[in-house]
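Taking it in order: structure first as structure tokens, then the write-up.
Position 1 is the first residue of the sequence; numbering continues from there.
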Amino acid sequence: SSAAGSAGSPVDDRLVGMSQSAPASARKLELYTRISIYGVLALQPLVYLNAFPSSVPALGGLIGFVQAVLSIMVCGRAMTALHDQRRRPTPTEWRALGPWLTFSAGVLIVMIGQLQPGQVWIPTVAVAVAVPVGVIALLLPALTGLALGLSLGTVAGLLAGWRTQAPMETLLPLGILSGAIVALFALSFWLTGWMLRNIWELEEARRAAAQLAIAQERLRISRDLHDLFGRTMATVAVKTELAGELVRRGRSEAALTQL
């Protein structure tokens with residue numbers, strides 16, 4: 001038992017060290033990713049600042065601040081849900097997004113409704129659509145997120161272009177441009193989730209490999225001890241039988257030598 005502990009300890013410590021270093025690096029990368037995404041979402045007040053020129057000047061910044069706080073909260077929940085690879089979000093979890101999506105849709109409708117002819121709208125409208133679509137894209141397949149971003153972004157762009165009385169020859173290109181911006185935003189969020197999923201899967205695979213290596217090493221040590229013990233017992237049995245035979249023949253000194 002003591003031999004097994006002394007023989008297995010260096011290997012076990014090395015293998016356990018491998019499994020402990022992987023989660024730390026994964027957590028660091030996840031923290032960096034979260035901070036990066038939250039930082040992007042926190043910029044919404046700056047984009048919304050001039051989105052409502054017909055109202056109180058600070059209204060856009062206030063709405064952007066509320067939207068940023070809600071977006072960060074929902075995005076954090078979505079990224080946490082990514083860690084569970086065994087299932088998709090349940091209908092209850094999807095319904096939990098309802099209040100935030102309703103608020104986002106209301107902000108977008110009011111934003112488009114107050115646009116003036118000739119007003120530049122692409123940054124604010126595209127961001128208003130891209131943020132909720134991007135967060136939802138974290139939980140969707142890649143093609144679904146792209147299609148959702150392209151369709152919603154194009155529709156919002158067409159409505160905004162129509163509201164600002166854009167010429168017909170530029171209305172469709174503006175809508176497609178808005179859809180492309182939203183789709184790229186959704187793709188960037190999906191790629192972030194895909195990267196985190198791969199990191200977590202790799203970390204779990206390394207941990208499983210470390211546990212398997214430890215089990216195999218312990219099995220090898222147990223097998224070696226068993227073989228050594230068996231050979232020792234066989235030698236003892238042979239020498240004991242030989243000593244008994246020597247005693248029967250009157251060669252006591254030789255029998256003691258064998259023992």
Side-chain angles (χ1 to χ4, degrees), residues 33-82 88-116 119-140 144-164 174-175 177-190 192-193:
T33 303
R34 285 179 178 267
I35 292 176
S36 301
I37 292 182
Y38 295 164
V40 172
L41 297 177
L43 296 177
Q44 291 180 88
L46 299 179
V47 179
Y48 281 48
L49 195 58
N50 298 319
F52 302 90
S54 60
S55 304
V56 181
L59 180 60
L62 178 60
I63 293 177
F65 175 77
V66 174
Q67 178 71 331
V69 172
L70 295 177
S71 301
I72 290 173
M73 292 174 59
V74 175
C75 184
R77 293 285 299 275
M79 294 179 68
T80 301
L82 285 176
R88 287 288 182 184
T90 63
T92 302
E93 292 171 332
W94 280 117
R95 285 194 295 269
L97 299 175
W100 172 63
L101 293 177
T102 302
F103 176 79
S104 301
V107 170
L108 178 62
I109 293 172
V110 173
M111 183 184 298
I112 293 177
Q114 59 81 47
L115 289 174
Q116 304 296 324
Q119 182 179 345
V120 177
W121 54 266
I122 284 186
T124 54
V125 172
V127 169
V129 181
V131 168
V133 171
V135 173
I136 293 176
L138 283 170
L139 305 174
L140 295 176
T144 304
L146 279 175
L148 183 64
L150 184 61
S151 58
L152 292 181
T154 301
V155 171
L158 291 175
L159 291 175
W162 169 78
R163 182 66 182 175
T164 56
L174 286 174
L177 176 61
S178 176
I181 293 174
V182 176
L184 288 176
F185 202 85
L187 178 62
S188 66
F189 268 67
W190 181 86
T192 300

For the student: nearest non-hydrogen atoms of Met111 and Leu115, plus distance: O-CG, 3.3 Å
Apply the test side chain to side chain contact (heavy atoms under 4.5 Å, CB included) to residues Leu138 and Cys75: give CA-CA distance (whole Å), side-chain angles for both, the deciding distance (0.1 Å), then the verdict. CA-CA 8 Å; Leu138 283 170; Cys75 184; 4.0 Å; yes
Do you know the tightest heavy-atom contact between Leu108 and Ala156? CD2-CB, 4.5 Å
Kindly indicate whether the side chain of Tyr48, heavy atoms from C-beta on, has any atom under 4.5 Å from the side chain of Thr124. no
Would you find more than 12 non-hydrogen atoms of other residues, nucleotides or ligands less than 6.0 Å from Phe65 atom CZ? no
Rounded to the nearest 0.5 angstrom, the OG1-CD1 distance for Thr144 and Ile136 is 12.0 Å
Measuring only between side-chain heavy atoms, which start at C-beta, is Val182 closer than 4.5 Å to Leu148? no
Compare every heavy atom of Leu101 with every heavy atom of Pro132, then report the nearest pair and how far apart it is. CB-CD2, 4.0 Å
Heavy-atom pair of closest approach, residues Val47 and Pro123: CG1-O, 3.9 Å
Any chance you could measure Leu139, atom CG, to Trp190, atom CH2, to the nearest 0.5 Å? 13.0 Å
Pair Gln116, Thr164: side-chain N/O donor-acceptor within cut-off below 3.5 Å: no
Min side-chain heavy-atom separation Gln44-Ile63 under 4.5 Å: no
Hey, mind stepping through Ile72 and Ile37 against side chain to side chain contact (heavy atoms under 4.5 Å, CB included) and telling me if it holds? CA-CA 8 Å; Ile72 290 173; Ile37 292 182; over 6 Å; no
In terms of heavy-atom contacts, Ser104 and Gln67 come closest through OG-NE2, 2.9 Å
Nearest-0.5 Å distance, CG of residue Leu184 to CG of residue Leu146: 8.0 Å
Measure across Ala68 and Pro45 and return the closest heavy-atom pair with its distance rounded to 0.1 Å. CB-CD, 4.1 Å
Any chance you could measure Tyr38, atom OH, to Met73, atom CE, to the nearest 0.5 Å? 10.5 Å
If you define the side chain from C-beta out and look only at heavy atoms, does anything of Phe189 sit under 4.5 Å from Val135? yes
Would you please test Trp121 and Ile112 for side chain to side chain contact (heavy atoms under 4.5 Å, CB included) and show each step? CA-CA 8 Å; Trp121 54 266; Ile112 293 177; over 6 Å; no
Can you tell me how far the CG atom of Leu49 sits from the CG atom of Leu62, to the nearest 0.5 Å? 11.0 Å
Given the rule in the side chain to side chain contact (heavy atoms under 4.5 Å, CB included) test, do Phe185 and Val133 qualify, once you have shown the distances and angles that lead to the verdict? CA-CA 8 Å; Phe185 202 85; Val133 171; over 6 Å; no
